[in-house]
Amino acid sequence: MVNSNLNALGIIFPNSYDPLVPELVNLRLMASIPFASRYRMIDFILSSMANCGIDNISIMVNNNYHSLMDHLGSGREWDLARKNGGLNIFPPFAEKTSKPYTGRVGAMASILDFLRSQKEKYVVISDTNIAVNFDFNDMLKAHMESGADITSAYNEQEFPESLMRNTSNDKGFYYTFSIDQGRVTKIYVNAREPGIHNFGMNIHIIDRELLIDLVNTAFVRGHSYFERDIMLPQLDRLHVHAYKYEGYLARISGMKSYFDENMKLLEDENLDALFSAAPIYTKIRDDNPTRYIPGAQVQNVMVADGCIIEGTVENSILFRGVKVAKGAVVKNCILMQDTVIEADAKVEYLITDKRVTISEGKEMKGTDSFPFYIAKGHKV
């Protein structure tokens, strides 16, 4: 992958929507949540940027970022292990008189000197709560042709049920747009009206010099959030262009949506839509191919490498190194890395975190509307 886009640098925020899935982010952040049998959530945005030649990418971590650093390493898998630019991870910076940032304004304010020293004309900003194979070059082209100050990506969809049920703002903000002739005229924060909405994807392109000016001004005034505190109050002054994304995306907005979006990938059309446009890269784990022992029964599954299957597995997602012993039955489950289902155990509608063991003969069953979750390292 030898590609370079000298016009744009990327900034990724991996913590923005952690409160939506508190069970999964106890020891990690949204960006490093496992997804689609062998990937992490950050792999999709990071790979999309790399595929479009954006080779100067900064990750603005806030907390629980050790697993993400282990996953990303030097950025070699994404061709970002470079002498100039490449992958930069910025941990939170706190002085005695200040606290770590709570929003993207504070995060970018802490790297203003870095932004001033860069040469790229544009900055691409994104969160990591969506799995998408995104063409940033097409969006960048649309941004330049429109002459806009900011270009914001959106897709048309109904609100996920988990967002509709959330009656407070303690799990983060999401945004919907009113659009007139390609321009964002209104931004709504945490709207809950039913129906199809122009749902913001939290992906933006902005001129680097303008971003520095806006962030510096907002930070001095004590503001925290880019969309709520910078874009929304200045829609009459800033030209915000709306970029409609019509491809496949999986948006994580709660444990139920995490389960559903994984399960959708068992359908070939969804799998192809997410992975066929451009390659998605991830950390390499050298392992043997999955072994299906004689007598194993497998139907409609997504299985990563390193698994050993002796029992029955149906309609399930298996991550690397999962073991399903003889006589065990696994249906409608998501089993993360190195999970062990011992002999004659029966599990259904279960989400296991890494290194979980279900003991011999145990039966555990959730439901389609409420899949049961077992935390990392537990034995049941």
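Start at 1 with the first residue, then count along the sequence. In what follows, every heavy atom counts, from backbone to side chain, and hydrogens, waters and symmetry copies are set aside.
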I want to know whether Phe134 and Tyr245 have ring centres closer than 6.0 Å.
yes
So, taking the atom named CD1 in Ile59 and the one named CG in Leu87, what distance separates them when rounded to the nearest 0.5 Å?
5.0 Å
Keeping the roles fixed (side chain from Asn51, backbone from Ser47), state whether a donor-acceptor pair exists under 3.5 Å.
yes
Scan side-chain atoms only and decide if His71 and Ser32 contain a donor-acceptor pair under the 3.5 Å cut-off.
no
Are the side chain of Asn315 and the backbone N or O of Asn332 linked by a donor-acceptor pair below 3.5 Å?
no
Let's go through Arg40 and Asp43 carefully: what are the C-alpha distance in whole Å and the side-chain angles of both, what is the deciding distance for side-chain contact (heavy atoms from CB on, under 4.5 Å) to 0.1 Å, and is it a yes or a no?
CA-CA 5 Å; Arg40 304 295 182 103; Asp43 292 337; 3.9 Å; yes
N/O donor-acceptor pair under 3.5 Å between Arg208 side chain and Val123 backbone:
no
Whether the side chain of Gln297 engages the backbone of Thr312 through a donor-acceptor N/O pair (distance < 3.5 Å, no angle test) should be reported.
no
Check ion pair Asp113-Arg116 (N to O, under 4.0 angstrom)
yes
Check: Tyr17 side chain, Phe173 main-chain N or O, donor-acceptor pair, under 3.5 Å
yes
Does the distance from a Lys or Arg side-chain N to an Asp or Glu carboxylate O, for Asp70 and Lys283, drop under 4.0 Å?
yes
Mark yes or no for whether Asn288, through its side chain, and Gly306, through its backbone, hold a donor-acceptor pair below 3.5 Å.
no
Path from Leu266 to Phe44 over hydrophobic side-chain contacts below 4.5 Å
yes
Where do Ala345 and Ser359 come nearest, in terms of heavy atoms and distance?
CB-O, 3.6 Å
Can you confirm whether Met69 is buried at CE, in the sense that more than 12 heavy atoms of other residues, nucleotides or ligands lie under 6.0 Å from that atom?
no
With rounding to the nearest 0.5 angstrom, report the CD1 to CD1 distance, Ile358 to Ile374.
3.5 Å
Start with the C-alpha gap between Phe90 and Phe114, add the side-chain angles, then the distance that decides, and say whether side-chain contact (heavy atoms from CB on, under 4.5 Å) holds.
CA-CA 11 Å; Phe90 289 96; Phe114 167 79; 3.9 Å; yes
If we only count heavy atoms from C-beta on, is the Ile203 to Phe136 side-chain gap below 4.5 Å?
yes
Pairing donors with acceptors under 3.5 angstrom, does anything connect the side chains of Tyr188 and Ser178?
yes
Go through the steps for Leu335 and Ile317 under the test side-chain contact (heavy atoms from CB on, under 4.5 Å), then give the verdict.
CA-CA 6 Å; Leu335 308 181; Ile317 310 287; over 6 Å; no
Please confirm whether the backbone N or O of Ser257 pairs with a side-chain atom of Glu261, one donor and one acceptor, at under 3.5 Å?
no
With salt bridge (Lys or Arg N to Asp or Glu O under 4.0 Å) as the criterion, how do Lys121 and Asp207 come out once you've worked through the C-alpha distance, each side chain's angles and the decisive distance to 0.1 Å?
CA-CA 6 Å; Lys121 179 173 176 56; Asp207 184 276; 3.1 Å; yes
With the side chain counted from C-beta on, respond yes when Ile309 and Ile293 share a heavy-atom pair under 4.5 Å apart, and no when they do not.
no
Remaining members of Ile196's ILVMFWY cluster at a side-chain heavy-atom cut-off under 4.5 Å?
none
Please answer whether the main-chain N or O of Tyr225 pairs with a side-chain N or O of Asp229 as donor and acceptor at a distance below 3.5 Å.
yes
Distance from Leu29 atom CG to Tyr65 atom OH, nearest 0.5 Å?
10.0 Å
Here the gap from Lys379 atom NZ to Lys362 atom NZ, rounded to the nearest 0.5 Å, amounts to 10.0 Å
Examine the side chains of Gln118 and Asn56 and answer whether a donor and an acceptor come within less than 3.5 Å of each other.
yes
Salt bridge check, Arg28 against Asp353: does any charged N sit closer than 4.0 Å to a carboxylate O?
yes
Residue of the set Tyr281, Phe319, Phe275 for which ring-ring contact (aromatic ring centres under 6.0 Å, His included) holds with Tyr39:
Phe275
In terms of hydrophobic clustering (I, L, V, M, F, W, Y; side-chain heavy atoms under 4.5 Å; direct or indirect links), are Leu210 and Ile187 co-clustered?
yes
Are the side chains of Leu24 and Met336 in contact, using a 4.5 Å heavy-atom criterion?
yes
Scanning both residues in full, the closest heavy-atom pair of His239 with Gly147 reads ND1-O, 4.0 Å
Criterion side-chain contact (heavy atoms from CB on, under 4.5 Å) on Met30 and Val21, from CA distance to verdict:
CA-CA 8 Å; Met30 174 67 78; Val21 281; 3.8 Å; yes
Reported CD1-to-CG distance for the pair Ile125 and Leu9, which is rounded to 0.5 angstrom:
9.5 Å
Would you mind checking if Arg285 and Asp305 are paired as a salt bridge, meaning a charged N to carboxylate O distance below 4.0 Å?
no
Check Asp260 with Lys264, please: is the shortest side-chain N to carboxylate O separation under 4.0 Å?
no
Under a plain distance cut-off of 3.5 Å, with no hydrogens placed, do His197 and Thr176 share a side-chain donor-acceptor pair?
no
Could you tell me whether a side-chain N or O of Thr185 sits under 3.5 Å from a main-chain N or O of Asp180, the two making a donor and an acceptor?
no
Is it the case that the side chains of Asn202 and Asp127 hold a donor-acceptor pair, with the cut-off being a distance below 3.5 Å and no angle test?
yes
Side-chain heavy atoms of Phe13 within contact of Thr128, under 4.5 Å
no
State, yes or no, whether a side-chain contact exists between Asn155 and Met201 at a heavy-atom distance under 4.5 Å.
yes
Under 3.5 Å, side chain of Ser126 to main-chain N/O of Ile12, donor-acceptor pair present?
no
Interatomic spacing from CE in Met255 to CZ in Phe372 - rounded to 0.5 Å
10.5 Å
For Ala153 and Met139 the tightest heavy-atom approach is N-CE, 3.7 Å
Please confirm whether the ring centroid of His143 lies under 6.0 Å from the ring centroid of Tyr243.
no
Ion pair Arg82/Asp55, N-O distance below 4.0 Å:
yes
Report yes or no: do Leu72 and Met49 belong to one cluster of Ile/Leu/Val/Met/Phe/Trp/Tyr joined by side chain heavy-atom distances under 4.5 Å?
yes
Pair Lys244 + Glu156, salt bridge at N-O below 4.0 Å
yes
Before you tell me yes or no, could you show the steps for Phe226 and His204 under ring-ring contact (aromatic ring centres under 6.0 Å, His included), namely the whole-Å CA-CA distance, both residues' side-chain angles and the distance that decides it to 0.1 Å?
CA-CA 10 Å; Phe226 184 77; His204 310 285; 5.4 Å; yes
Asn15 versus Asn63, side-chain donor and acceptor atoms under 3.5 Å
yes
Can you confirm whether Met302 sits close enough to Leu271 that some side-chain heavy atom of one is under 4.5 Å from a side-chain heavy atom of the other?
yes
Start with the C-alpha gap between Phe199 and Phe159, add the side-chain angles, then the distance that decides, and say whether ring-ring contact (aromatic ring centres under 6.0 Å, His included) holds.
CA-CA 8 Å; Phe199 205 150; Phe159 291 142; 5.4 Å; yes
Heavy-atom closest pair (Pro91 atom, Val61 atom, distance to 0.1 Å) is CA-CG2, 3.5 Å
Which residue is it: Leu115, Leu112, Leu211, Val105? I am looking for the one with a side chain to side chain contact (heavy atoms under 4.5 Å, CB included) to Asn216.
Leu112
Would you say the side chain of Ile284 lies within less than 4.5 Å of the side chain of Glu77, judging by non-hydrogen atoms?
yes
